[in-house]
Structure formats: structure tokens, C-alpha cells
Amino acid sequence: MLGRIFSTDHKVIGKQYYFLGLASVLIGLVLSVFMRLHLIYPDRKVKLFEMLWPVGAAGGIMTPELYLSIMTMHGTLMVFFVLTTVPQGGFGNYFLPIQIGASDMAFPRLNALSFWITLAALLVLLGAFFVPGGAPLGGWTAYPPLSAVGQIAGPGQGDGMDMWILSVALFSIAALLTSINFIATVIELRAPGMTLERMPLTVWAWFTTAIISLLAFAVLLAAGLLLLLDRWGGTSFFLPSGLVVSDRLLNHSGGSPLLWQHLFWFFGHPEVYIAILPGMGLISTILSVNSRRPVFGYKAMVGAMLTIAFLGFVVWGHHMFISGMSPYSAIAFSVLTLTVGVPSAIKTFNWLGTLWGGRLRLNVAMLFALGFVSVFVAGGITGVLLGQPAMDLYLHDTYFVVGHFHLIMGVAAVFAMFAGTYYWFPKMFGRMLNETLGKIHFYITFLGVYGIFVPMHVAGLAGNPRRYPDFKEFEFLSDLAWIHTFISHTSFTVAAVQLLFLFNLFWSLWRGARAAVNPWEATTLEWSVPSPPPHDNFGGASVTVVRGAYEFSVPGRESDFAMQAGETPQ
Amino acid sequence: MLLGILIWAVAAITAALFLARPWFPAAVSEHARAFDSQFHLTLAMTGAMFLLAQLLLGIAILRARRRTKALHSEGNTRWEIAWTLATAALFLGAMAWSTPLFTAVHLGGPRPGALRVEALARQFSWNFRYPGPDGRFARLDLKQINDAGGNPFGLDENDTASKDDIVAAALRVPAGRDVELTLRGRDVIHNFFVRELRLKQDVVPGMLIPLRFRADVPGTYEVACSELCGLGHHLMRTVVIVMPPAGFAAWEREALAQLRQE
């Protein structure tokens, strides 16, 4: 039993990451429902709130500080423990070795260690809810001085903030170990014949993401340690002189709050790509398989990914256009930001090119992949507005931004995870998910996310600032109440429909129809081995790769697909 | 198939919602009006790209079963080069087009004859000070900060220039005159955001950040803190009151008279 829990098999670890992400996304989702409920009924007594937070919601009414701490935890859980964890740690761990013909990751024990550190990071983060003062209220971006001066800046900025930093530091360490492992595996363990040009785009994506992780999380880890030093070591990396907080003159001098923003966003922007690149790789594959066509412009797709990875590191300043940073650098960052939009547009065109002229199989994985393309465009195109410093003079930190990043980073990545689940579940668990339940789940979710996040954009156009626990103080905000009412009710519906997904997932685990080896008639290596694959993936047989990853409908061939594996390895 | 129709429907509803009403409040400065036209230009461009992409996606889905066998193709270099260049030109063009708007706010330099005002942001309120007839802001002494006693800035009593510094909770400015607002913070990061001016700027402790504007329509406009500053973030409200020049002069005279009495 212990051996199975502390397994070093990449498939077990992949599933562990997946379920860790599933637990996190459920908590994060429930927290967002609480926020949406509070935003439209700020004065209503909610018994559940009081049961969960006897102090922060005494009498059932959520205090502003509790709202902000829930918001901080929602963001942190979703960004780190869902968007970073599931696409890379979950699916990446499970399928990367199989897709390149390896029997495991390059460093299996390091792999297990990464997972257990990630779990520890999650527990430490959740622990912040239970310490005196509660969870931090400064948002997932943790800008100092708010995050650096302790409890005097607000409840949750004491012990809760320390827990947050510790959690993020642990998570960073785990992410660094994982990325080293991924990079080594792709470079060293490819089967004979698995040349770079034959690698599935998922493998390219996990590889590129690992490189981004390695560079980005190192900086976040360092920034977190500096912040801890400012809090406990008497240093002033992020704190200038002359701070008067809660009537107290602080003894710091020489630091700059903007330094944190530079370090944080040097991680934070590439993080967006850490979340979305694996999804891009997977969506390319699913569109290709279910259109029965090769990926349109494979080389351009690889090139776009590498370009995004590179440019992703030089655009962080677009989060800081109105921060007080030099206006000259704002302009430079703006040019680079709009440039990084180009490879993203290339990917969209190529997805459309893959579909065009295909014969489409509209299974649930494919529906989520098509939904991904739709929301990716909807969320991405507003980046052209936000990437201009002049537009940020109005739009920064409004609900326009909240709508934008939820669509492009949140919903798009989550759609890719759903697509991945419907696509790979048969391989991972040997059983099929129910397609009818899946379709209901998809259609309501698809309409729902538009219903939630598009209205947020127009609230932002009306100037609605984000991170407000209620909208009672401002006249112009009370005019927008109807938008928030609509958003909240839509979000309750979407949240409820996810129960259907959960039911489908757990019911199918035990009761689903048995999965064949290759139910989707796909070509990559995982579809040549049994569902689920044996312990060392290929049953000891050596696997040889004889062709590219997307040979569909090649003229003159009888079958409309050709496997990458040279011969059935069993 | 259904999905193709739904994609068209949500795209159409999205476009309709954006166009349903003017979402921005009325613009009250040259800059704000220029902002609006730049925004709407970019919105038209991005909106067209959005609708085109959703349209094509919908068509591809509706034609899902048209063919008995998929066409084989691995790409089309000429098309790929064309759309790469086209997007790059559109995106960078939009950016280049809007840059003067941003530089006019931040790189213009102080204008002669501008009214100088200093803003102070703290958890969770705003104060503004005017230099008074001597044209000089008094020196500050952090030890003399006294919020309850009406000295949030910490004006140094030993500096004679402090005698005529007007400190107020709302920002009053005359219509039609340049304002040189200097943003000062003393605890955490805040943000000065006036919708009608289309201006937003962080207030960062340790930095003095200039913000220039000239409002030309008298009225009262809400200022909303737009950088998370703690549990009272959503309560951090003040107003900009744009007054006819004569009214502003009268207010200033009255405020100075009151200072002399104290």
C-alpha cells in the first residue's frame, strides 16, 4: 500500500498531481462562488459563512478582510495548484515518457519528491486560513509594502502572509525540480526514431514549459525569500524610508516597492504561458486527431511556441504601465507585448487551418478543443487593447482585466484540461467517460463562461475596479449592480454543472465502458500500449518510432491514420 | 453542429453587449476624448478580428460532415507568412498609433502656469494640498503627522511656507487650466483613478509621481482607489470637483481666510 502511495512510477505521480489539482480547483471554485454571492448580497446573513469563518463572518456577514483573503486564496490556488499543476505535473508526468517511448522520467525519485513538496505547499497554503488573522488579503500578487510590513497593514498580513510566502517558496522548489526532470527526460530518453521533428506538439509544449518554469520559478523563489527577509530580517529590499503605517513610523529605508513588481512579474508573465502552452499542444493534437488531418503548419506551431517562450520573458512590464515605472520602458514593453500576440495569432490561424477541409468527429474532447479556440480568441484579442499603455490609463485593474485574464488564462487552460480529461481518461483508467453527460457539461459550461466573463469586460469599461468587497461606496458602481447580479447567477449555474463532471469522472472510474487500446484512432505512442499502460509502459519491449506524430488521411493509404510506433511493442 | 451556431450566437451577443450603450462615462478633457477615439478604433479592429475568427470556426464546425474523407494538407507557407505579417502590422500599428496619448500624459513635462497640487494617499483616505499664495509647498516632517489634528501630510510648523498650505479632502480644480498633480503615498500602494479624465496612476510610497491633466467640463467626479491597499480599499473614495475659474478662485480665497483665522 505504502509502495503504491509513495510510488516513483510517473503514471502514479501524474494521477496524484491530477487529483491534487482537482481538489484545489474544487476549493478555488467554491471560494469564487462565495465571492460572487457576497458581491451581490453583501448584507445577507449566510449561515455557511459563519460556520466556516466564525470570526471573519461573525453573524453570517462576510467582512471585507475575509472577502479579500478568500480572493487571495482563490487566485493562489488556481494559478499555482491548478493551472501550473494539472497540465504539466498531471498530464505531462503521465504522458510525456510514454509519448517519447521512455519507461519513466529521467529521475523517478526526484519526480516523487516534487509531488510531495507540492502537496506540502498546498497544505501550508490552506493552513493560512487557520492561523490568527486568517489568510492574507493582498491578492495573489502580494505587492509590498502591503505584504511586507506585517499585521499593521491588515489582518492576514501577519502569520497568514508568512504561510503564503512559505507555500509559494515550496511550490517553486517543486516546480524547479519538475522542470529539470522534464528537460532531462526529453533530451535523454527519446526512443530510437523519435527525432525532434517527430515529437508530438504536446511533448514540445511540456519541454518548452519546463524551460520557462526553470527560469521563472527561480526568480519567484528568490523574490519570496527577499520578502521574508524584509518581514523578519530587518532588510529593506521593497521598503522605502518614511513609511507611516497605522500611525507608526517604520524603520526601513532605501528599498523600492517596484522591485517586487519587476521580480514578481518576471515570473508572473511567463507563468501565463506555463499555464497555457501545454494546453496549446494538447488542443493542436485533439483538433488534428478529430479532424483526421495533420496539424496545419507543424513547424510554425513549434516555432510559435518557442517564440512565445522567449518573448514571454521580456513583456512583464505590461503589468506595470501605471505603476510609476519609467514611461520609456512602458513603451518598450508595449512593443514587445504586441509582438508576443503575433505567435498566438499564428496558432489560432493554424488551428483553423487544421479544421478546414477536415471530417470532424465531434466527441466531447473535440468540443472542448473547439471551445478552447473560441475562448482563446475572445480572451486573447483584448490583449491588443490592454497591451497599449495609453489604454491602461483607464483599463488597468478594472473588471475588463479580470474578464480578459480569466478567459485567456483561466477558462482556456481549464478547457484544455477538460479536453485532456475526456481524451486521456480512457488511457489513464482503462474506461470511457460518459459522452452524453460530457456534452451537457460542455454546452452549459461553454455558454456559462461567456455569460460570466464577457459582462465583466463591460463592467470594466464602465470603470468598475477589481478587488472590491462591495460596490456600495461609489455612485457609479451602484449603476452596474445588474451586471454583477447576472454574472453571479451565471457563475452559480456553471459551478453547479461541474458536479455533473465530477459525477461522470468518479462514476466512470468504476462503471465506465472498458476502453480499447486506441479509441480515438490517434497516432502517438500512448495509443499503442494497453489502457491503462503496464508499469514500465511498453512491457519491456523496445519501441521504435518510424514516422511523425500527425499522419492522418495520407493519400494512397488504406487507413486514415498511421501509428508512430514501428510495430506493436507487446 | 450545434456548437457552430452557439459560437456565432455568443459572438453576436458579445458584440451587441459592447455596443449596447456607451459604457464610458462622458469625457471631460481633451485627453479623455482622444482616449475614447483611440479605444474605439482599436475596439473596431479587434472586434472585427474576433468576429471573423468565430465566424470561420463556426463554418468549420457546420461543415464537419461535408466531406467523406479529410483533405490531406500539412500547411501552406504562403498563407502563414501572409497572416503573420498582417497581424504584426495591425497589432504594432495600433500600438504606435496610441503611444502619443500615453507620452502626452507622462512625458510632456510641467506646463507653465499650471496649478500645482499634491495628493496624499493613505489607508484609506485622500488629502490634497495647495501651495497657497507663496507658491511654495511647505517642508514635511514625518514626526508631525497628525491625522486627527488635520495634518496628514506632516507639514512642518517651523517652515513659514506651511502657514498658507491649504489641505483639503477633495480635489478642487478650475476648469480649463492645466493641473500638475504630484502623487505621494505614505503606507502602501494606492491608485488615483478618475474615470471621466481617463487617467489612472499608482501612488507609490517613496516616489513622487506627477500626473497632468486639464479638465474642461465643470462637475463632480468620483476618484476610486484602483490598487489593492487593504481592508478599506473599496471605501477609499474622494472626488475631483472641476469648478468654473471664478468659483475656484472664490473657494481658494475662503480657504486661505480660514487658515489665517486658525
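Just so it is clear: chains get the letters A, B, ... in the order the sequence lines come, proteins before strands, and each one is counted from 1. The figures that follow rest on heavy atoms only: side chains count, while hydrogens, waters and symmetry mates do not.
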Trainee: Could you grab the distance from atom CZ of A/Phe296 to atom CH2 of B/Trp79, nearest 0.5 Å is fine?
Mentor: 9.0 Å
Trainee: Would you give the length of the straight line joining atom CZ of B/Arg186 to atom CG of A/Leu243, rounded to the nearest 0.5 angstrom?
Mentor: 10.5 Å
Trainee: So which residue, B/Ile7, B/Thr14, B/Leu101, B/Leu231, ends up with the most heavy-atom pairs under 4.5 Å with chain A?
Mentor: B/Leu231
Trainee: A side-chain contact here means heavy atoms from C-beta on lying under 4.5 Å apart; do A/Val342 and B/Thr84 qualify?
Mentor: yes
Trainee: Crowded around B/Phe124 CZ? As in, over 12 foreign heavy atoms under 6.0 Å?
Mentor: yes
Trainee: Can you check whether B/Phe102 reaches A/Asp392 side chain to side chain, under 4.5 Å on heavy atoms?
Mentor: no
Trainee: Which one, B/Leu140, B/Asn76, B/Asn191, B/Val203, leads in non-hydrogen pairs under 4.5 Å with chain A?
Mentor: B/Asn76
Trainee: Go through A/His396 and B/Ser226 one step at a time and tell me if the side chain to side chain contact (heavy atoms under 4.5 Å, CB included) criterion holds.
Mentor: CA-CA 8 Å; A/His396 177 89; B/Ser226 297; 5.8 Å; no
Trainee: Please look at B/Leu107 and chain A and tell me whether the side chain, the backbone, both or neither of the residue comes under 4.5 angstrom of a heavy atom of that chain.
Mentor: side chain
Trainee: Which atoms of B/Val194 are under 4.5 Å from chain A, going by heavy atoms: the side chain, the backbone, both sets, or neither?
Mentor: neither
Trainee: Give a yes or no on whether the backbone of B/Lys69 and the side-chain of A/Arg292 come within a donor-acceptor separation of less than 3.5 Å.
Mentor: no
Trainee: Checking heavy atoms, do the side chain of A/Ile483, its backbone, both or neither come under 4.5 Å from chain B?
Mentor: side chain
Trainee: Between B/Ile209 and A/Gly324, what is the shortest heavy-atom contact and its length?
Mentor: CD1-CA, 3.8 Å
Trainee: Can you confirm whether B/Trp83 sits close enough to A/Asn350 that some side-chain heavy atom of one is under 4.5 Å from a side-chain heavy atom of the other?
Mentor: yes
Trainee: Quick check for you: among B/Ala88, B/Gly154, B/Gly206, B/Ala60, which has the greatest number of heavy-atom pairs under 4.5 Å with chain A?
Mentor: B/Ala60
Trainee: Which atoms of A/Met71 are under 4.5 Å from chain B, going by heavy atoms: the side chain, the backbone, both sets, or neither?
Mentor: side chain
Trainee: What part of A/Leu249 gets within 4.5 angstrom of chain B, counting heavy atoms only: side chain, backbone, both, or neither?
Mentor: side chain
Trainee: Relative to chain B, which segment of A/Leu480 carries a heavy atom at a distance below 4.5 Å: side chain, backbone, both, or neither?
Mentor: side chain
Trainee: Which one, B/His31, B/His106, B/Arg21, B/Gln201, leads in non-hydrogen pairs under 4.5 Å with chain A?
Mentor: B/Gln201
Trainee: Sort A/Phe453 into side chain, backbone, both or neither according to what part of it lies under 4.5 angstrom from a heavy atom of chain B.
Mentor: neither
Trainee: Could you check if a side-chain atom of B/Phe39 sits within less than 4.5 angstrom of a side-chain atom of A/Met391, using non-hydrogen atoms only?
Mentor: yes
Trainee: So for atom CZ, which belongs to B/Arg78, do other residues, nucleotides or ligands contribute more than 12 heavy atoms lying within a distance under 6.0 Å?
Mentor: no
Trainee: Do you know which two heavy atoms are closest between A/Arg361 and B/Arg65, and how far apart they sit?
Mentor: CA-NH2, 4.0 Å
Trainee: Near A/Arg467 CZ, under 6.0 Å, is it more than 12 heavy atoms from other residues, nucleotides or ligands?
Mentor: yes
Trainee: Let me confirm one number: the CG-OH distance from B/Leu6 to A/Tyr450, rounded to the nearest 0.5 Å.
Mentor: 11.0 Å
Trainee: Do A/Thr382 and B/Phe50 come within less than 4.5 Å of each other through their side chains, counting heavy atoms only?
Mentor: no
Trainee: Non-hydrogen atoms of chain A under 4.5 Å away: do they reach the side chain of B/Val239, the backbone, both or neither?
Mentor: neither
Trainee: Could you go through A/Thr339 and B/Phe91, starting from their C-alpha distance and side-chain angles, then the distance that decides it, and tell me whether this counts as side chain to side chain contact (heavy atoms under 4.5 Å, CB included)?
Mentor: CA-CA 7 Å; A/Thr339 311; B/Phe91 287 5; over 6 Å; no
Trainee: Would you mind checking which part of A/Val554 comes under 4.5 Å of any heavy atom in chain B, side chain (CB onward), backbone (N, CA, C, O), both or neither?
Mentor: both
Trainee: Provide the closest heavy-atom pair for A/Leu360 versus B/Ile61 in the form atom of the first, atom of the second, distance.
Mentor: CD2-CA, 4.0 Å
Trainee: What part of A/Phe471 lies closer than 4.5 angstrom to a heavy atom of chain B: side chain, backbone, both or neither?
Mentor: neither
Trainee: So what's closer than 4.5 Å to chain B heavy atoms on A/Tyr298: side chain, backbone, both or neither?
Mentor: backbone
Trainee: Under 3.5 Å, is there a donor-acceptor pair between the side chain of B/Lys200 and the main chain of A/Ile322?
Mentor: no
Trainee: Counting heavy-atom pairs under 4.5 Å with chain A, which one of B/Met45, B/Met1, B/Arg67, B/Arg122 comes out on top?
Mentor: B/Arg67
Trainee: If we only count heavy atoms from C-beta on, is the B/Met207 to A/Leu258 side-chain gap below 4.5 Å?
Mentor: yes
Trainee: Can you say whether A/Gln261 sits under 4.5 Å from chain B via the side chain, the backbone, both, or neither, judging by heavy atoms?
Mentor: side chain
Trainee: Where on B/Thr77 is there a heavy atom nearer than 4.5 Å to chain A: the side chain, the backbone, both, or neither?
Mentor: neither
Trainee: Measuring from atom CZ of A/Phe474 to atom NE2 of B/His234, what distance do you get when rounded to the nearest 0.5 angstrom?
Mentor: 9.5 Å
Trainee: If you count heavy-atom pairs within less than 4.5 Å of chain A, which of B/Gly232, B/Gly230, B/Ser73, B/Pro100 leads?
Mentor: B/Ser73
Trainee: Go through the atoms of A/Leu352 and report whether side chain, backbone, both or neither lie under 4.5 Å from a heavy atom of chain B.
Mentor: side chain
Trainee: Given side chain to side chain contact (heavy atoms under 4.5 Å, CB included), test B/Val10 with A/Phe446 step by step and report yes or no.
Mentor: CA-CA 10 Å; B/Val10 290; A/Phe446 177 75; 4.2 Å; yes
Trainee: Does any backbone or side-chain atom of A/Tyr328 lie under 4.5 Å from a heavy atom of chain B? Answer side chain, backbone, both or neither.
Mentor: side chain
Trainee: For B/Leu71 and A/Trp356, run side chain to side chain contact (heavy atoms under 4.5 Å, CB included): C-alpha distance rounded to whole Å, both residues' side-chain angles, the deciding distance at 0.1 Å, then the answer.
Mentor: CA-CA 9 Å; B/Leu71 280 180; A/Trp356 216 254; over 6 Å; no
Trainee: Using 0.5 Å steps for rounding, measure from the CD atom of B/Glu196 to the CZ atom of A/Phe476.
Mentor: 8.0 Å
Trainee: Just verifying a value: how many Å separate A/Tyr468 OH and B/Met236 CE, rounded to the nearest 0.5 Å?
Mentor: 8.5 Å
Trainee: Can you tell me which portion of A/Phe552 sits under 4.5 Å from chain B's heavy atoms? Options are side chain, backbone, both or neither.
Mentor: backbone
Trainee: Determine the minimum heavy-atom distance between A/Glu475 and B/Arg237, stating which atoms define it.
Mentor: OE2-NH2, 4.3 Å
Trainee: Taking all atoms of both residues into account, what is the closest heavy-atom pair of B/Ala70 and A/Arg359, and its distance?
Mentor: CB-N, 3.8 Å
Trainee: Do the non-hydrogen side-chain atoms of A/Tyr443 and B/Leu3 ever get within less than 4.5 Å of each other?
Mentor: yes
Trainee: Are B/Met49 and A/Val384 side-chain neighbours, meaning at least one heavy-atom pair lies under 4.5 Å?
Mentor: no
Trainee: Under 4.5 Å from any heavy atom of chain A, what part of B/Leu43 do you find: side chain, backbone, both or neither?
Mentor: both
Trainee: Given heavy-atom pairs under 4.5 angstrom as the criterion, report whether the side chain, backbone, both or neither of A/Leu137 touches chain B.
Mentor: both
Trainee: Whether the side chain of B/Glu74 engages the backbone of A/Pro294 through a donor-acceptor N/O pair (distance < 3.5 Å, no angle test) should be reported.
Mentor: no
Trainee: Is chain B contacted by the side chain of A/Pro145, its backbone, both, or neither, given a heavy-atom distance below 4.5 Å?
Mentor: both
Trainee: Can you name the closest pair of heavy atoms from A/Val377 and B/Ala53 and give their distance?
Mentor: CG1-CB, 3.8 Å
Trainee: Using heavy-atom distances under 4.5 Å, tell me whether B/Ile145 contacts chain A through its side chain, its backbone, both, or neither.
Mentor: side chain
